[in-house]
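Here's the structure we're looking at; comments come further down.
Numbered from 1 within each chain, the chains take letters A, B, ... in sequence-line order.
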There are 2 protein chains.
Amino acid sequence: MKHEALLRHIRRYVELNEEEQDLIGVYSSIQEFRKKDFLLHLDQICSAHFFVAKGCLRAFLINEKGQEQITQFAIENWWITNYDSLDNQIPSSLAIQAVENTEVIRIHKNDYEMLLHKIPKLERYFRLVLQKAYGASQRRIQYIYTLSGEERYHHFNESFPEFVQRIPQYMLASYLGFTPEFLSKIRAKKI
Amino acid sequence: MKHEALLRHIRRYVELNEEEQDLIGVYSSIQEFRKKDFLLHLDQICSAHFFVAKGCLRAFLINEKGQEQITQFAIENWWITNYDSLDNQIPSSLAIQAVENTEVIRIHKNDYEMLLHKIPKLERYFRLVLQKAYGASQRRIQYIYTLSGEERYHHFNESFPEFVQRIPQYMLASYLGFTPEFLSKIRAKKI
DNA sequence: TCCATTTCTTGAACTAGATTAATTTTTTTC
DNA sequence: GAAAAAAATTAATCTAGTTCAAGAAATGGA
């Protein structure tokens with residue numbers, strides 16, 4: 001099944017019968033993006049939810065100095081979208097772009113509503129997904145506020161060693177909230 | 001009805017019949033907290049979700065310098081809990097405390113599950129609540145990364161002028177991620 | 001395989017915000 | 001309504017991380 005990766009993820013949280021699994025196929029589509037392709041451009045109105053089946057995405061904004069600031073990564077089994085833009089149908093302050101060649105399962109806003117209506121237990125699935133994402137976001141704010149840049153780097157490295165290998169260092173620096181130059185200096189001290 | 005504030009909030013998102021409204025009453029309890037009372041202590045295992053009917057709460061942690069760092073506020077119509085501690089039944093790294101005398105509607109972990117089971121449309125309600133909270137959390141991360149301390153203060157002031165009046169300045173400084181002394185300096189420049 | 005582009009490093013000068021400590025103002029309590 | 005406690009201010013000194021600029025290394029494409 002083309003959307004097997006998504007079904008596998010949903011089945012971690014709720015049970016699905018054949019019919020429901022097919023329905024999810026009907027209301028979703030597979031999209032392939034090449035490295036550097038955009039899923040969502042700056043100022044575009046966001047119209048879909050994206051599930052990463054394979055690969056890696058990043059969300060970023062452009063700050064007043066014209067620099068890219070990465071606010072989020074999404075790898076296998078993560079959902080990503082701009083809820084602000086999607087819910088309120090306003091131009092996105094974030095862009096979403098492929099960091100690697102990436103296979104995405106895309107669910108359009110309307111199809112998402114349709115699916116929730118036809119398969120109410122998906123409400124539970126998305127509640128649990130959001131609860132996890134919100135928890136992670138809260139934890140991230142705690143780290144930003146309690147750790148220095150250097151501590152944040154070491155902590156991230158210890159928590160996600162494989163992921164650190166997958167992305168360029170300047171992207172990691174941006175995500176962690178400091179400059180690539182500063183990251184170089186940290187690494188020069190001790191790896 | 002003692003839990004009317006909560007019912008009113010839920011009805012913004014999903015319809016409820018008499019029976020369902022009563023059921024929510026059965027599985028929730030009202031608690032009054034006086035200013036400075038704790039709803040959740042540091043290292044305690046969190047066992048409930050809290051809905052603020054009236055008043056104001058804060059969540060904070062103690063950083064390595066022994067200082068309180070506020071990670072979140074909750075006022076009327078906001079839910080607050082430590083999902084990390086609640087979901088994984090681990091000691092909380094956050095304390096939750098009343099900033100004002102506060103009336104809370106408390107739903108125990110088990111009753112929360114029970115309610116979701118008996119009234120499945122509450123899955124939708126909590127999904128929508130979490131989606132909003134997650135969006136706010138994402139937006140907050142964007143502000144932390146793109147605005148200076150001073151800009152964050154002005155922005156917060158413009159966005160929530162009434163709320164700024166409700167809390168001591170040192171709490172606002174902590175929430176915004178800088179020292180009370182720095183906040184004093186900003187205010188000295190221009191109000 | 002070579003050129004172009006992207007990514008990473010290094011060092012010097014600089015700045016937003018922290019720290020410390022003392023003082024004043026405001027709020028709370030009895 | 002006085003004393004105590006909590007909150008806010010001010011100023012001097014300090015530091016984590018930025019900025020700028022230039023070069024080195026790695027990667028990628030034809």
Side-chain angles (χ1 to χ4, degrees), chain A residues 33-38 55-56 58 60 62-70 73 97-101 143-157 163-191, chain B residues 33-38 55-56 58 60-70 73 97-102 143-157 163-191:
Chain A
F33 294 93
R34 309 214 48 205
K35 188 172 171 171
K36 299 198 180 172
D37 282 351
F38 283 86
C56 179
R58 63 170 183 151
F60 67 92
I62 305 292
N63 66 22
E64 63 273 32
K65 288 167 213 139
Q67 297 157 337
E68 293 179 359
Q69 173 62 57
I70 297 179
F73 287 109
Q97 189 190 31
V99 175
E100 307 168 353
N101 295 342
Y143 291 139
I144 293 172
Y145 278 151
T146 56
L147 304 181
S148 67
E150 179 162 0
E151 288 168 329
R152 241 146 50 227
Y153 169 72
H154 291 307
H155 181 268
F156 194 86
N157 243 326
F163 180 68
V164 172
Q165 300 308 317
R166 269 172 91 164
I167 54 165
Q169 282 179 48
Y170 76 92
M171 286 195 190
L172 179 56
S174 173
Y175 178 77
L176 292 176
F178 48 71
T179 59
E181 290 88 344
F182 183 61
L183 179 45
S184 263
K185 268 173 219 171
I186 295 172
R187 286 165 51 88
K189 282 196 208 173
K190 135 194 158 187
I191 302 173
Chain B
F33 293 93
R34 308 214 48 207
K35 188 170 171 172
K36 299 200 180 170
D37 283 352
F38 282 86
C56 178
R58 63 170 183 151
F60 67 91
L61 50 83
I62 305 291
N63 67 21
E64 63 273 30
K65 288 166 214 142
Q67 297 156 336
E68 294 179 358
Q69 174 61 57
I70 297 179
F73 287 108
Q97 189 190 30
V99 175
E100 307 169 353
N101 295 341
T102 301
Y143 292 139
I144 293 172
Y145 278 150
T146 55
L147 303 181
S148 68
E150 180 163 0
E151 288 168 329
R152 240 147 49 228
Y153 170 71
H154 290 308
H155 181 269
F156 194 86
N157 244 326
F163 180 67
V164 172
Q165 300 308 317
R166 270 173 88 166
I167 54 165
Q169 282 180 47
Y170 76 92
M171 287 196 189
L172 179 56
S174 173
Y175 178 78
L176 292 176
F178 47 72
T179 59
E181 291 86 348
F182 184 61
L183 180 43
S184 263
K185 258 182 231 171
I186 295 171
R187 286 166 51 90
K189 282 196 207 173
K190 136 193 158 189
I191 303 173

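- For B:Arg187, the side-chain atoms get nearest to D:dT9 when compared with the rest of C:dT19, D:dT9, D:dT18.
- A:Ser148 comes within 4.0 angstrom of the backbone, heavy atoms only, and of no base.
- Minimum atom distance to the side chain of B:Phe182 is reached by C:dA18, of the listed C:dC8, D:dT19, C:dA18.
- Closest to the side chain of A:Glu181, from the set D:dA21, D:dT18, C:dT20, is D:dA21.
- Across A:Cys56 and A:Phe73, no two heavy atoms sit closer than the pair SG-CD2, 4.4 Å.
- With rounding to whole Å, B:Arg166 atom CZ is found 19 Å from D:dA7 atom C1'.
- Ranked by how close their nearest DNA chain D nucleotide is to the 5' end, B:Leu183 and B:Lys36 are led by B:Lys36.
- Rounded to whole angstrom, the span from the CD atom of B:Glu64 across to the P atom of C:dA18 amounts to 14 Å.
- In the set D:dT19, D:dA7, D:dG17, the nucleotide with an atom closest to the side chain of B:Pro168 is D:dA7.
- Closest to the A:Gln169 side chain, of the nucleotides D:dT19, C:dT9, C:dA18, is C:dT9.
- Between the NZ atom of A:Lys185 and the C1' atom of D:dT18 there is a distance of 8 Å, rounded to whole Å.
- Checking each of B:Lys35, B:Lys36, B:Arg34, B:Arg166 against B:Glu100 for a side chain to side chain donor-acceptor pair (under 3.5 Å) leaves exactly one that passes, namely B:Arg166.
- The NZ atom of A:Lys65 sits 11 Å away from the C1' atom of C:dT15 (whole-angstrom rounding).
- Relative ring orientation between B:Tyr143 and B:His155 is described as tilted, the plane-to-plane angle lying within the 30° to 60° band.
- Here the nucleotide nearest the side chain of B:Ser184, chosen from C:dT19, D:dT9, D:dT19, is D:dT9.
- Note: CD1 (B:Ile144) to C1' (C:dG17) measures 16 Å, nearest angstrom.
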Stepwise ring-ring contact (aromatic ring centres under 6.0 Å, His included) check, A:Phe178 with A:Tyr153: CA-CA 10 Å; A:Phe178 48 71; A:Tyr153 169 72; 7.1 Å; no
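- B:Tyr153 places its OH atom 11 Å from the P atom of D:dA8, with the value rounded to the nearest Å.
- Two residues, A:Leu147 and B:Tyr170, neighbour DNA chain D, and the one matched to the more 5' nucleotide by heavy-atom proximity is B:Tyr170.
- Between the side chain of B:Arg152 and the backbone N or O of B:Thr146 there is no donor-acceptor pair closer than 3.5 Å.
- The separation between B:Arg34 atom CZ and C:dT29 atom C1' is 12 Å, rounded to whole Å.
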